[in-house]
Amino acid sequence: MGLLSRPTNTRKMVASLVPVAQMIVDILHAKSGKTLTSLSLSQDATVIDVKKAYKKIRGKSLKDDQKLKDIGLSKDGQLYFKDLGPQVGWTTVFLTEYAGPLVIYLCFYARPAIIYGVVDEPKAEVVNIACGCWTFHYAKRLLETMFVHRFSHTTMPILNIFKNSIYYWGFAAFVAYFINHPLYTPPAFGDAQVYGGLAGFVLCELGNFSVHIALRNLRPPGTKERRIPFPTSNPLTGLFSLVSCPNYTYEFGSWLSFSIMTQSLPALVFTIAGFYQMAVWARGKHRNYVKEFKNYPRRRMPILPFLL
Amino acid sequence: MSSEKAKSGFNLTVSSGYLILYNLAQAAGWTLLAVAAGIHLIEHGTVGLYDKGHFLLNVFQTLALLEIIHPLLGLVKTGVFLTGFQVASRLFITWGIVYSVPEVQSKVGVPLFMFAWTLTEIIRYSYYIFAQVKSIPYVLQWCRYTFFIVLYPIGVSGELLSTYFALPYIKKTALYSVAMPNPANMSFSYYHICVMVMLLYIPIFPQLYMHMFAQRRKIIGGVQKKVV
């Protein structure tokens, strides 16, 4: 927020009417120069005090389902408008993001001659399993976006669709290229590594799904209400007693298991990049929970139990 | 309160003393290189220029890694990201290309960037020395914010030509590359990294060049305005 002070003669006259240590500060719009409001402030006030005072007048951003009478607009009133730029629905963004990796991975799985040349080596069993895992994961995400998630925001800036798609599609190609490569080396510890990794992957996918269902049931249909999530009768949601975003913990576990199962460095890079992004989101959500609910369980961490 | 002030004053002199020494060393190093290279150019031309200058070039260019640490320690106010990027691109050329691919050392790119780098650095480090004692001669300021107009494109041409001449050798010897199959199930191609770095010059060079022009307007233009 850019704030400008511009003392004028009229202001001096008004200022003389308020107690000595007070002053009147005009808040102007930086681009248009229009006066937005005038604030009465102590002369010792810092810039942050000005920002706080301005925010008090302007108020918080409003939710779609709030009633006008509840926000103090009984008779005529004024609301502030803020342009967020071109928007696109969350569902559209998610469907675009997740359909890409599905198609891209399957293209590489087919080992087209244009990418790898003519290949006659048979695929290792783990390559087939990995393709199954990848397909399952993204099919699950697509179905969840359509039938499970209830979003608390309806739209996001249109630029996100490009940013997110480059991330998901790019990583899908990077991971798929090397796992489906004709010269792929199967895991060093054989079946133990493959099936151990597969077990971890399946468990984490189930856990992730369970958390998504629990979060859906937390929010009554058609509303944007927010409540504190707690473990349900499903044991896989027990992680809620340790972290604020167990869906991210499980997602991280899924990809870590996938990386171990395939012994793939690109998959591990994808896992780490995803973990970093999810840790940032989880910290934000955790902070919101703590701020919104005074009785929020103190033991919880954002994404990793006891650690982070 | 007064002891705090004294303390910060003490730190200030230690850090500015260090910075003067560092910049003095760099200015001296690059001047030495310029003199050696200049004498060699007059006596023998560009043949063997790299052999003559490579030691000083590598030592003082690598020493510039300290400039990434300086803002981290709060010694200078410049951004870590931009400095890191500039130092990294220099080290890519000195170690990653010219040192690693001897075939490039006799090609035209080397004298080009060596000429641009030495002049730029002598002026830049001298400028920093005077900035520490807060009295920058206007001539030096003018040089710093004017020479780049010519030196920057020359330097970039030398860097790009060197990388371009190195490409066939990097490809042929698979330098610093890892091929499939390997247990990490990932390949790494230094050749493709080099091509990507060259392509990155296209968006980045105009931005930095324009940034320098903006700085020039701000610093030299500002002085003129005050005079008027």
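A note on names: the letters A, B, ... follow the listed sequences, proteins ahead of strands, and every chain is numbered from 1. This is a predicted model, so every value here is computed, not measured.
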Exercise. OH of B/Tyr164: more than 12 outside heavy atoms within 6.0 angstrom?
Worked result: no
Exercise. Can you name the nearest heavy-atom pair linking B/Met180 to A/Phe178, along with the distance?
Worked result: CE-O, 3.8 Å
Exercise. Is the shortest heavy-atom distance from the side chain of B/Met186 to the side chain of A/Ser264 under 4.5 Å?
Worked result: no
Exercise. Within a radius of less than 6.0 Å around CZ of A/Phe174, do more than 12 heavy atoms belonging to other residues, nucleotides or ligands occur?
Worked result: yes
Exercise. For the side chain of B/Asn185 and the backbone of A/Thr185, is there at least one donor-acceptor N/O pair under 3.5 Å apart?
Worked result: yes
For this session: May I ask you to check whether over 12 heavy atoms, not counting those of A/Arg111, lie within 6.0 Å of atom CZ?
Result: yes
Exercise. For A/Phe209, does the CZ atom have more than 12 heavy-atom neighbours from other residues, nucleotides or ligands under 6.0 Å away?
Worked result: no
Exercise. What's the shortest heavy-atom distance between B/Ala184 and A/Pro266, and which atoms?
Worked result: O-CD, 4.0 Å
